Amino acid sequence: MPNHSNANLSQRDAAVVWHPFTQHQIEPISIPITHGKGVYLYDADGKQYIDAISSWWVNIHGHGHPYLAQKIYEQALKIEQVIFAGFTHEPAIQLSERLLGHLPANFQKVFFSDNGSTAVEVGIKMALQFFHNQGQTQKRKIIAFEDAYHGDTFGAMSLGAPSAFNAPFQDMLFEVEFLPSPSDADACIAAMREKMNHADEYAAFIFEPLIQGAGGMKMYAPETLDSLIALAHENQLLCIADEIMTGFGRTGKWFAMDYLTHKPDIACFSKGLTGGMMAMGITTCSNALFDAFLSDDRKKTLFHSHSFTANPMACAAALASMDLMEKQETWDNISRVEASHQAWKNKNQDHGIIKQIRIQGTIIAFELAVGESNGYMHSIRDRAYQYFIKKGILMRPLGNTLYILAPYCISNEQLALIYSEIENFVAELVG
Ligand SMILES: Cc1ncc(COP(=O)(O)O)c(C=O)c1O
């Protein structure tokens with residue numbers, strides 16, 4: 001009988017696999033997961049974990065969802081993959097039509113890629129080449145937020161605030177100008193206004209709408225973003241919404257941009273797009289932007305593609321996820337999760353070391369005010385991670401920022417268990 005215990009699989013894994021965002025010297029062991037059901041992940045020894053972070057923010061309907069699995073299976077039997085240059089297929093067409101139906105009317109074209117970072121790369125290339133194709137070659141710079149995170153490829157890293165994530169490559173990243181945190185609305189808008197004195201140099205402004213995820217689940221007001229987009233538009237900058245974490249109900253509406261009056265010109269999606277079942281990225285834009293790439297001159301083409309662009313099985317997963325997103329039950333769950341977070345916040349508002357509890361839709365985040373200042377490298381992170389894993393809860397604190405970002409099907413009882421373990425952890429910390 002083959003040995004499929006945790007110990008055996010972890011040992012074999014450690015011998016041959018290099019994991020992402022993992023310091024293997026400090027974290028030598030990865031937990032082998034054999035299956036998932038709803039909000040639970042199960043390891044090889046049969047222990048269950050509540051997936052309180054939706055497996056890096058991708059899963060929205062729960063693991064092992066039979067409807068999504070069935071739709072992917074059915075698609076695999078028809079056509080699993082076909083080159084997307086010169087060819088097309090029904091799932092990609094239907095997904096484009098249905099996605100655009102849920103977006104503001106200025107979005108009219110859909111470009112497919114593989115993941116969040118590539119969706120951002122495409123958005124940036126669209127913006128830069130839009131101006132280049134029209135001879136406006138001086139418009140090259142991009143504006144982003146301090147604490148921004150847009151992915152790990154070189155272009156996406158350039159758009160991220162300088163941090164430990166991209167420090168070894170700083171000298172190789174292209175120039176991006178950063179606005180102060182949008183949580184300080186006045187300073188942020190003033191800095192944008194100042195930059196608009198030489199607006200001709202800028203092609204685009206990119207942002208994570210309403211919540212800066214990896215930067216510490218920092219939340220900010222839609223009015224601030226509205227003012228920034230308005231300023232950018234007055235000065236002919238393209239605005240790029242990175243909805244990779246916020247899309248598909250996560251913030252309480254279909255998209256975070258639904259809270260805005262001023263709409264972006266380009267939007268990037270991934271993660272929840274396929275219900276977290278398959279890797280896929282999408283970048284959307286207007287017909288006006290698309291038209292700037294139409295020419296008898298082939299050099300004006302958007303030369304961007306990945307082997308698995310618009311993979312039919314990923315499209316089928318996204319369509320199936322959209323079926324679920326269009327059900328009232330999903331929205332009832334989203335409201336229920338938000339109400340549950342709100343009730344916990346009300347009870348813990350003035351709790352000793354739990355600071356700045358904030359909620360946006362299904363996301364709740366707060367800081368643990370212990371010792372050092374805030375930040376991703378805060379030493380409390382590892383202790384908290386291990387504590388929750390031991391208790392059967394997958395949390396992945398961002399330094400001393402703890403957050404819950406669970407599949408929408410999480411029950412009130414499962415949420416109550418997470419809250420009570422947070423309280424127990426905090427009680428242990430204060431001794
Ligand atoms: C806002 C945002 N943009 C882009 C990305 C990159 O996505 P991916 O990890 O799929 O490349 C992430 C991933 O966490 C994200 O949160």
Side-chain angles (χ1 to χ4, degrees), residues 19-22 51-60 111-127 142 144-161 163-166 169 173 176 178 181-182 204-220 225 239-251 255-257 264 266-284 304 306 308-309 311 314 317-318 321 360-363 365 376 394-399 401 403-406:
H19 286 267
F21 272 66
T22 301
D51 188 351
I53 58 157
S54 297
S55 282
W56 253 339
W57 319 342
V58 303
N59 187 298
I60 56 179
F111 191 99
F112 290 91
S113 62
D114 284 1
N115 58 62
S117 301
T118 56
V120 167
E121 297 282 344
V122 170
I124 292 297
K125 284 169 91 168
M126 276 180 181
I142 303 194
F145 282 137
E146 195 180 283
D147 293 322
Y149 177 78
H150 296 288
D152 291 339
T153 49
F154 265 78
M157 274 198 297
S158 301
L159 305 166
S163 71
F165 294 4
N166 53 29
F169 317 106
L173 304 180
V176 170
F178 294 99
S181 168
F205 164 43
I206 186 165
F207 48 84
E208 294 157 87
L210 307 195
I211 310 175
Q212 297 183 279
M217 293 295 159
K218 298 197 168 93
M219 302 187 187
Y220 64 100
L225 191 50
C239 293
I240 308 175
D242 176 346
E243 291 257 13
I244 287 157
M245 184 190 78
T246 51
F248 303 96
R250 192 47 85 186
T251 66
F255 303 105
M257 73 175 97
I266 296 172
C268 311
F269 307 99
S270 187
K271 295 195 185 273
L273 167 64
T274 61
M277 296 291 274
M278 302 282 294
M280 171 173 263
I282 277 183
T283 312
T284 56
H304 192 105
H306 299 279
F308 287 99
T309 291
N311 172 258
S321 177
Q360 178 69 58
T362 64
I363 307 174
Y376 187 80
L394 169 53
M395 301 264 275
R396 235 187 113 84
L398 296 156
T401 304
Y403 68 92
I404 304 172
L405 192 155

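All values derive from a computational prediction rather than experimental measurement. One-based numbering along the sequence shown. Start at 1 and go down the list; that is how both ligands and their atoms are numbered. Side chains are part of it too, since the values below use all heavy atoms of this structure and drop only hydrogens, waters and symmetry mates.
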Using a 4.5 Å cut-off on heavy atoms from C-beta on, say whether the side chain of Leu405 contacts that of Met245. yes

List every atom of ligand 1 that sits less than 4.0 Å from any heavy atom of Asp242, numbering the atoms from 1 in the order shown and giving each element. 1 (C), 2 (C), 3 (N), 4 (C)

Could you tell me which atoms of ligand 1, counted from 1 in the order shown, lie closer than 4.0 angstrom to a heavy atom of Gly151? 4 (C), 6 (C)

Please list the nearest protein heavy atom to [atom] with its residue and the distance rounded to 0.1 Å.
atom: atom 12 (C) of ligand 1; answer: Tyr149 CE2, 3.6 Å
atom: atom 10 (O) of ligand 1; answer: Gly116 N, 2.8 Å
atom: atom 11 (O) of ligand 1; answer: Ser117 OG, 2.6 Å

So is there a nitrogen or oxygen of [X] less than 3.5 Å from a nitrogen or oxygen in ligand 1?
X: Glu208; answer: no
X: Trp57; answer: no
X: Lys271; answer: yes

Can you tell me how far the OH atom of Tyr149 sits from the OG atom of Ser117, to the nearest 0.5 Å? 5.5 Å

Rounded to the nearest 0.5 Å, what's the gap from CD1 on Ile206 to SG on Cys268? Could you check? 5.5 Å

In residues 271-281, what donor-acceptor pairs under 3.5 Å come from side-chain atoms, sequence neighbours left out?
residue : atom : partner : partner atom : Å
Lys271  : NZ   : Trp56   : O            : 3.0
Thr274  : OG1  : Gly276  : N            : 3.4
Thr274  : OG1  : Met277  : N            : 3.3
Thr274  : OG1  : Met278  : N            : 3.1
Thr274  : OG1  : Met278  : O            : 2.6

Taking only non-hydrogen atoms of Glu243, do any sit less than 4.0 angstrom from ligand 1? no

Residue Phe308 excluded, over 12 heavy atoms near CZ under 6.0 Å: no

is_close_aromatic(Phe165, Phe21), centroid dist under 6.0 Å: yes

I'd like to check the ring pair (Phe, Tyr, Trp, His ring centres under 6.0 Å) partners of Phe205; sequence neighbours left out, ordered by chain and number. Phe145, Phe207

